[in-house]
Amino acid sequence: MDAQLDDKALESTLAESLDDLTPDSKTVSDDEFAEVVGGALEAVGGTLLFRMCVENEGEAQHVAAACVGDGGNRQFLLLTLPTTGGALKVETAARSTNPVAGIAAAYAGLMDAFKAAA
């Protein structure tokens with residue numbers, strides 16, 4: 001990615017690449033979610049930071065945090081999918097209201113510190 005995309009453009013680019021990747025099944029397994037996230041991140045050159053299954057507002061959902069770009073151009077993404085299926089939601093961490101969004105930048109900073117120490 002040559003230039004930093006604005007939040008909306010990044011979200012739109014990812015949303016367009018997801019149409020064929022969303023599982024049709026009623027219950028989405030962790031492996032299916034990993035496959036969808038992997039395909040989405042490959043489309044934009046993103047890197048997975050972590051993924052987990054959490055409950056948010058009474059709904060169980062798969063959540064993945066990722067980053068696109070590096071250094072000062074790094075942007076953090078949050079990808080969510082209800083465990084009951086549906087559309088994968090992609091948003092920048094800065095625009096997300098999901099509680100997991102705040103962890104993405106902190107986690108990336110921790111990984112940067114570990115790499116520097118190694």
Side-chain angles (χ1 to χ4, degrees):
M1 196 163 73
D2 292 334
Q4 183 177 4
L5 293 174
D6 68 29
D7 291 352
K8 279 212 162 292
L10 184 57
E11 290 170 7
S12 295
T13 301
L14 279 166
E16 289 170 10
S17 69
L18 297 174
D19 289 340
D20 298 330
L21 296 172
T22 303
D24 294 328
S25 60
K26 291 258 186 222
T27 302
V28 180
S29 71
D30 190 51
D31 288 341
E32 288 172 319
F33 180 63
E35 185 177 329
V36 170
V37 167
L41 293 178
E42 186 177 314
V44 295
T47 303
L48 177 70
L49 297 172
F50 61 85
R51 70 176 198 271
M52 64 179 74
C53 190
V54 298
E55 189 166 312
N56 187 26
E57 297 180 5
E59 176 183 68
Q61 60 183 203
H62 296 286
V63 179
C67 64
V68 176
D70 54 17
N73 289 331
R74 183 161 57 177
Q75 291 178 283
F76 298 101
L77 303 172
L78 202 65
L79 301 90
T80 56
L81 181 67
T83 57
T84 55
L88 181 69
K89 181 178 181 182
V90 180
E91 55 193 345
T92 57
R95 292 167 45 97
S96 178
T97 59
N98 191 304
V100 176
I103 301 171
Y107 184 87
L110 183 61
M111 292 300 100
D112 291 345
F114 283 152
K115 285 179 187 174

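Everything numeric in this text was worked out from a predicted model, so none of it was measured. All values below come from the heavy atoms of this structure, side chains included, with hydrogens, waters and symmetry mates left out.
Of the listed residues (Thr80, Asn98, Thr84, Thr83), just one forms a side-chain hydrogen bond (donor to acceptor under 3.5 Å, both in side chains) with Gln61, and that residue is Asn98.
Between Leu79 and Phe33, the closest heavy-atom pair is O-CZ, 3.7 Å. Across Asp30 and Arg51, no two heavy atoms sit closer than the pair OD2-NH2, 3.1 Å. When all heavy atoms of Ala65 and Leu48 are compared, the pair lying nearest together is O-CD1, 3.5 Å. In this structure, Gly85 and Val28 approach most closely via the heavy-atom pair CA-CG2, 3.5 Å. Smallest separation of non-hydrogen atoms from Leu81 and Gly86: CD1-O, 3.3 Å. When all heavy atoms of Ala104 and Leu49 are compared, the pair lying nearest together is O-CD1, 3.7 Å.
Under the 30°/60° scheme for interplanar angles, the aromatic rings of Phe50 and Tyr107 are found to stand perpendicular.
Note: the hydrophobic cluster containing Leu88 does not contain Leu78 (ILVMFWY, side chain heavy atoms under 4.5 Å, direct or indirect links). Put simply, Met52 and Met111 are part of the same group of oily side chains (I, L, V, M, F, W, Y) that touch within less than 4.5 Å, one to the next. A chain of hydrophobic side-chain contacts below 4.5 Å, direct or via other Ile, Leu, Val, Met, Phe, Trp or Tyr residues, connects Val36 to Leu77. Under the 4.5 Å side-chain heavy-atom criterion for ILVMFWY residues, a single connected hydrophobic cluster contains both Phe76 and Val54.
Within the 4.5 Å cutoff, side-chain heavy atoms of Arg74 are placed close to those of Asp112.
Summarising the geometry, atom CD1 belonging to Ile103 is positioned 12.0 Å from atom CG belonging to Leu110; distances are rounded to the nearest 0.5 Å. In this structure, the separation between CG on Asn73 and SG on Cys67 is 12.0 Å, given to the nearest 0.5 Å.
When the side chain to side chain donor-acceptor pair (under 3.5 Å) test is applied to Ser96, the partners found at least two apart in sequence or on another chain are Glu91.
For Glu59, the CD atom counts as densely surrounded, since its 6.0 Å shell holds more than 12 non-hydrogen atoms of other residues, nucleotides or ligands.
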